[in-house]
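Quick notes on the structure that follows.
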Amino acid sequence: MAEALAAEFGVQLACQLGYNNLMLEVDCLTLVEKLARLEEVHTEIGLIGRSIINYLGGEAVIEGCIWHVRRGANNAAHIMAHSKTHWDSREVWLERPPIYLVDQLKLDDVTSISS
């Protein structure tokens, strides 16, 4: 559920900022599978999944928009999930991420390319 909510927030924010032709990379294979099938629309995660797909452009363009990446290629997300961030608020960095994430983001990018 946390992965789905984070993905929904991310694609929603990207759309609000005017980005289109989005690709979503998540390290939760279950979420990728649920989004590919989206049979459980009557559940909470199904409704979130429908929202994600709508933000990505709808079912007609969904193939190739959602990718599963190894958890090791997404360590920045792991660091953020375990940070001291207050979960009752959201943080958005439009230009520069926090300094403690910069090196990890570079490593994640290299890791995902070499996989």
| message | Less than 4.5 Å apart, side chain to side chain, heavy atoms only: is that true for Leu24 and Leu35? | response |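 The answer is yes, as the side chains (C-beta and beyond) meet within the 4.5 Å cut-off.
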| field | Contact check, side chains of Arg96 and Val102, non-hydrogen atoms, under 4.5 Å | value |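 No, too far: nothing below the 4.5 Å cut-off.
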| Inter- and intrachain pairs under side-chain hydrogen bond (donor to acceptor under 3.5 Å, both in side chains), touching residues 14-23, at least two apart |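 Applying side-chain hydrogen bond (donor to acceptor under 3.5 Å, both in side chains) to every pair that reaches into residues 14-23, excluding sequence neighbours, yields nothing.
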| said: According to side chain to side chain donor-acceptor pair (under 3.5 Å), who are the partners of Ser51, at least two apart in sequence or on a separate chain? | reply: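 With sequence neighbours excluded, Ser51 shows a side chain to side chain donor-acceptor pair (under 3.5 Å) to Glu8, given in chain and number order.
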| request: Can you see which heavy atom on His68 is nearest to which on Cys28, and at what distance? | output: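 The answer is CD2-C, 3.9 Å.
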| Distance-minimising heavy-atom pair for Tyr55 and Leu22 |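 For Tyr55 and Leu22, the tightest heavy-atom pair comes out as O-CD1, 4.5 Å.
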| How long is the gap from CD on Gln12 to CG on Leu5, to the nearest 0.5 Å? |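 Atom-to-atom, Gln12:CD and Leu5:CG are 11.0 Å apart.
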| message | My understanding is that only residues two or more places apart in sequence, or in another chain, count here; which of them pass side chain to side chain contact (heavy atoms under 4.5 Å, CB included) with Ala4? | response |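 For Ala4 the side chain to side chain contact (heavy atoms under 4.5 Å, CB included) partners, ignoring immediate neighbours, are Leu31, Ile45, Ile48.
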| request: Tell me, yes or no, whether the heavy-atom count around Leu17 atom CG, taken from other residues, nucleotides or ligands under 6.0 Å, exceeds 12. | output: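 Enclosed.
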